[in-house]
Participant: 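Starting off with a structure, shown below.
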Amino acid sequence: MSTDWTVRAITRAMLPVLLALTLVEVGSGLVLGQFEAQLLQYPTLLALVPVTIGTAGNLGSILAARLSTSFHLGTLSFDPTDEHLAGNAVATLALAVSIFPIVGIGAWGLTALFGGVQLAPGTVVAIALTSGIALAVLAVAVTVSVAYVAYRFSLDPDDVVIPVVTNTCDVLGVVVLFGTVQALL
Amino acid sequence: MTVREVARDAYREALPALAASLVGGLIAGVVLSGMRAELRAVPGLLVLVPALLATRGNVYGSLGARISTALHQGLVEPRVRSGNERLRAAVAAALANGLLVSSFAAVAVFAILSVLGDSVAPLPVLVATAILSGLFSGVVLAGVVVTAVFAGYRRGRDPDTLVGPLVTTTGDLFGMLFLLVAVRLVLLVGGVI
C-alpha cells in the first residue's frame, strides 16, 4: 500500500469513495422510508431490516473475496461451466437457504420477547426465506458481473469488487425486503 | 475439484462468519424495533439508518484492513501502548472520516426529503444525531478493531480473516445502540431548550 500514514493522506484516499457509497446507502434509506408506516406498525419487520441488509452484504462480500482469490490464483474463468464459479454460486444459495430461516425465527422470537408481535412466525420466516433466496440469486449476479467488469478493465478485484458488491447488496437487501413484504403481507 | 467440492468448501468456510454477524444484526434489529417512538419523533431518521450503519462498516473495516496490512509488513507493533504515530494517525483519520461522512449523510437525507416534500426533522437534529452516534460508536469500534486485530495477530491468527466478521458484527450492534443513545440525548436537549 502506497498511501502515507497521515490523517490527510488517508482521508484523501478514502473520502471520495466513502461519500459516493453514502449516497448509494441514502438511496436504500429512501426505499425504507417508502414503507416506514408498515415497518412502524409491525416491529418484527423493523427487526428484520439490519440483519437482512447485513446478511445480504456479507453473502456478496464473501463470494467476491473468494472469486477474487481464485482469480488471483488463476483458477477462475468466466465460463458458466467453470467449477469455481458454479460451486461458489451453489454455496451462496445454500448459505442463504440455511441462514435466512434462522433470521426469520430470530427476529420473530426476539421481538416476541420484548413485546409487540402481530405477525405469525410462519409469515416472518416466509418473508425472510423468500427475501434470502432472491438476495442470493442477485448477489451471485451482481458479484459475477462486477468481477467480470474489473477483469476486463484489469482493475484489482480486491480494491473494487468487495466495496461495490457489499454496498450494492446492502441496497438490494432493502429493495428485496420491500418487494417481499408487499407480495406476502 | 468438482462443483460439489468447491461448494462444500465455500459453505463451510463462510458459515461461521455469517452466523456471527447474524447475532449482531438481530440484536441491532431488536434495538431498531424498540426505537419506534424516536423514529416517529424524528422523521428522516429511518432513512438515515442504512447510511450510518454502512459508514461504520466501511470506515472501521478499512481501518482494520490497514492495520492488518501494516502488521504483516512490520510497520506497526502489535501493542496499543507503544503509541505508534502511524497507528494514531490511522485511528484519527478513521474517526474524522466517520464524522464527516455521517454528517454528509444527514445533510443529504435532509436535502432529498425536503425536495421530495416529505416530512423531515430539522437539519440540526439530524446532524447532531449523526455526529453524536458517529463519535460514540467510532471510539468504541476503533478500540475493538485495534485490540482484536492486535490480539489475533499476537496469537498467530491472520488478522485479515478476523476483520470482516468482527466489523460487521460489532458495527451493526454498536452503530444501532449508540444511534439510540444519540437520538435520545438530542431529543432530551431539544426538549429542554
Side-chain angles (χ1 to χ4, degrees), chain A residues 1 5-7 10-11 14-15 17-19 21-23 25-26 28-30 32-33 36 39-40 43-44 46-55 57-59 61-63 65-66 83-84 86-88 90-92 94-95 98-99 102-103 106-107 110-111 114 116 163 166-167 170-171 174, chain B residues 1-11 14-15 17-19 21-22 24-30 32-34 36 39-40 44 46-51 53-55 57-59 62 66 69-70 75 85-86 89-90 92-93 96-97 100-101 104-105 108-109 112-113 118 164 168 172 176:
Chain A
M1 188 174 299
W5 283 59
T6 61
V7 175
I10 295 172
T11 303
M14 279 182 63
L15 199 58
V17 182
L18 285 174
L19 293 178
L21 293 176
T22 298
L23 283 180
E25 296 286 344
V26 168
S28 82
L30 291 170
L32 267 187
E36 184 162 3
L39 291 173
L40 291 177
T44 317
L46 205 48
L48 276 179
V49 170
V51 70
T52 307
I53 300 178
T55 310
N58 282 335
L59 281 178
S61 72
I62 291 168
L63 179 64
R66 291 188 60 90
E83 63 268 27
H84 280 272
N88 279 300
V90 169
T92 305
L95 285 165
S98 22
I99 284 281
I102 305 172
V103 166
L110 286 170
T111 30
F114 294 98
T166 309
N167 287 273
D170 282 0
V171 178
V174 175
Chain B
M1 280 216 271
T2 64
V3 170
R4 200 194 173 85
E5 284 164 353
V6 173
R8 198 192 303 137
D9 277 2
Y11 184 91
L15 200 59
L18 274 179
S21 76
L22 175 80
L26 277 175
I27 300 174
V30 173
L32 181 64
S33 82
R36 273 165 293 153
L39 291 174
R40 284 199 184 93
L46 182 66
V47 178
L48 198 51
V49 166
L53 289 187
T55 301
N58 290 333
V59 169
S62 134
R66 182 178 292 277
T69 303
L75 290 173
E85 219 165 280
R86 286 202 179 92
N97 281 318
L100 260 172
V101 173
F104 171 74
V109 164
I112 293 170
L113 289 180
D118 288 351
T168 47
D172 276 1
M176 197 59 85

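Values below: every heavy atom of this structure, side chains too, minus hydrogens, waters and symmetry copies. Quick note on labels: first sequence line is chain A, next is B, and so on, each numbered from 1. On a predicted model such as this, the values are computed, not experimentally measured, just so you know.
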Participant: Any idea which heavy atoms bring B:Val6 and A:Gly87 closest together, and the distance?
Facilitator: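 Minimum heavy-atom contact is CG1-CA, 3.9 Å.
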Participant: With respect to chain A, which residue among B:Leu75, B:Leu32, B:Leu39, B:Leu100 yields the maximal number of heavy-atom pairs within a distance under 4.5 Å?
Facilitator: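 Highest number of pairs under 4.5 Å: B:Leu32.
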Participant: State the NE2-CD distance between A:His84 and B:Glu5, to the nearest 0.5 angstrom.
Facilitator: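 With rounding to 0.5 Å, NE2 (A:His84) is 10.0 Å from CD (B:Glu5).
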Participant: Does any donor atom in the side chain of A:Thr92 or B:Tyr11 lie under 3.5 Å from an acceptor atom in the other side chain?
Facilitator: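 No donor-acceptor contact under 3.5 Å links the two side chains.
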Participant: Below 4.5 Å, heavy-atom pairs only: which of B:Ala28, B:Ala51, B:Pro50, B:Ala108 has the largest tally toward chain A?
Facilitator: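 The candidate making the most pairs under 4.5 Å is B:Pro50.
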Participant: Less than 4.5 Å to any heavy atom of chain B: does that hold for the side chain of A:Thr22, its backbone, both, or neither?
Facilitator: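 Both backbone and side chain.
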Participant: Counting only heavy atoms closer than 4.5 Å, note whether B:Ser62 contacts chain A via side chain, backbone, both or neither.
Facilitator: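 Side chain of B:Ser62 only, per the 4.5 Å heavy-atom cut-off to chain A.
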Participant: What pair of heavy atoms forms the shortest contact from A:Val26 to B:Ala105, and how long is it?
Facilitator: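 Here A:Val26 and B:Ala105 meet closest at CG2-O, 4.4 Å.
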Participant: Who among B:Thr55, B:Val30, B:Asp9 has the most heavy-atom pairs with chain A under 4.5 Å?
Facilitator: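 The answer is B:Val30.
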Participant: Quick one: which of A:Gly54, A:Gly57, A:Ser61, A:Ala94 has the most heavy-atom pairs under 4.5 Å with chain B, could you say?
Facilitator: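 The residue among A:Gly54, A:Gly57, A:Ser61, A:Ala94 with the greatest pair count is A:Ala94.
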Participant: Looking at B:Leu18, B:Val109, B:Asp172, B:Leu53, which one has more heavy-atom pairs under 4.5 Å with chain A than the rest?
Facilitator: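 Looking at each of B:Leu18, B:Val109, B:Asp172, B:Leu53 in turn, B:Leu18 comes out on top.
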Participant: If you compare all heavy atoms of A:Asp170 against all heavy atoms of B:Ala54, which two are closest, and at what distance to 0.1 Å?
Facilitator: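 A:Asp170 and B:Ala54 have their closest heavy atoms at OD2-CB, 4.1 Å.
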Participant: Show the nearest heavy-atom pair for residues B:Ala7 and A:Ala91, with the distance to one decimal.
Facilitator: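 Shortest heavy-atom contact: O-CB, 3.4 Å.
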Participant: Counting heavy-atom pairs under 4.5 Å to chain B, which of A:Asn58, A:Leu63, A:Val17 comes out on top?
Facilitator: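 Greatest number of close heavy-atom pairs with chain B: A:Asn58.
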Participant: Please classify the contact of B:Leu48 with chain A as side chain, backbone, both or neither, using a heavy-atom distance under 4.5 Å.
Facilitator: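 Neither part; nothing is under 4.5 Å.
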Participant: Go through the steps for A:Leu23 and B:Phe104 under the test side-chain contact (heavy atoms from CB on, under 4.5 Å), then give the verdict.
Facilitator: CA-CA 9 Å; A:Leu23 283 180; B:Phe104 171 74; 4.0 Å; yes
Participant: For residues B:Thr2 and A:Glu83, report the shortest heavy-atom separation together with the two atoms involved.
Facilitator: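 B:Thr2 and A:Glu83 have their closest heavy atoms at C-CB, 4.3 Å.
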Participant: Check the pair A:Trp5, B:Arg66 against side-chain contact (heavy atoms from CB on, under 4.5 Å), reporting the backbone distance first and the verdict last.
Facilitator: CA-CA 10 Å; A:Trp5 283 59; B:Arg66 182 178 292 277; 3.4 Å; yes
Participant: As an exercise: rank A:Leu59, A:Ile102, A:Ile62 by heavy-atom pairs under 4.5 Å with chain B and give me the winner.
Facilitator: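 Top option by heavy-atom pairs under 4.5 Å: A:Ile62.
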Participant: Taking all non-hydrogen atoms of both residues, which atom of B:Ala14 and which atom of A:Leu95 are closest, and how far apart?
Facilitator: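 Where B:Ala14 meets A:Leu95 most closely, the heavy atoms are CB-CD1, 3.6 Å.
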Participant: Relative to chain B, which segment of A:Val103 carries a heavy atom at a distance below 4.5 Å: side chain, backbone, both, or neither?
Facilitator: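 The answer is both parts of A:Val103.
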Participant: I need the B:Ser33 OG to A:Leu40 CG distance, nearest 0.5 Å.
Facilitator: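 Answer for the OG-CG pair, B:Ser33 versus A:Leu40, is 10.5 Å.
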Participant: Go through B:Val3, B:Ile27, B:Val59 and name the one with the most non-hydrogen pairs under 4.5 angstrom from chain A.
Facilitator: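 The option with the most such pairs is B:Val3.
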Participant: Tell me, side chain or backbone of A:Leu21 under 4.5 Å from chain B's heavy atoms, or both, or neither?
Facilitator: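 Side chain of A:Leu21 only, per the 4.5 Å heavy-atom cut-off to chain B.
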Participant: When only pairs under 4.5 Å are counted, which of A:Thr166, A:Thr52, A:Asn167 shares the most heavy-atom pairs with chain B?
Facilitator: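 Maximum pair count with chain B is reached by A:Asn167.
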Participant: Is there a side-chain contact between A:Leu32 and B:Val47 in this structure, where contact means two heavy atoms from C-beta onward sitting under 4.5 Å apart?
Facilitator: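 The answer is no; the side chains never approach within 4.5 Å.
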Participant: Among A:Ile99, A:Val49, A:Val90, which residue has the highest count of heavy-atom pairs closer than 4.5 Å to chain B?
Facilitator: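 The option with the most such pairs is A:Ile99.
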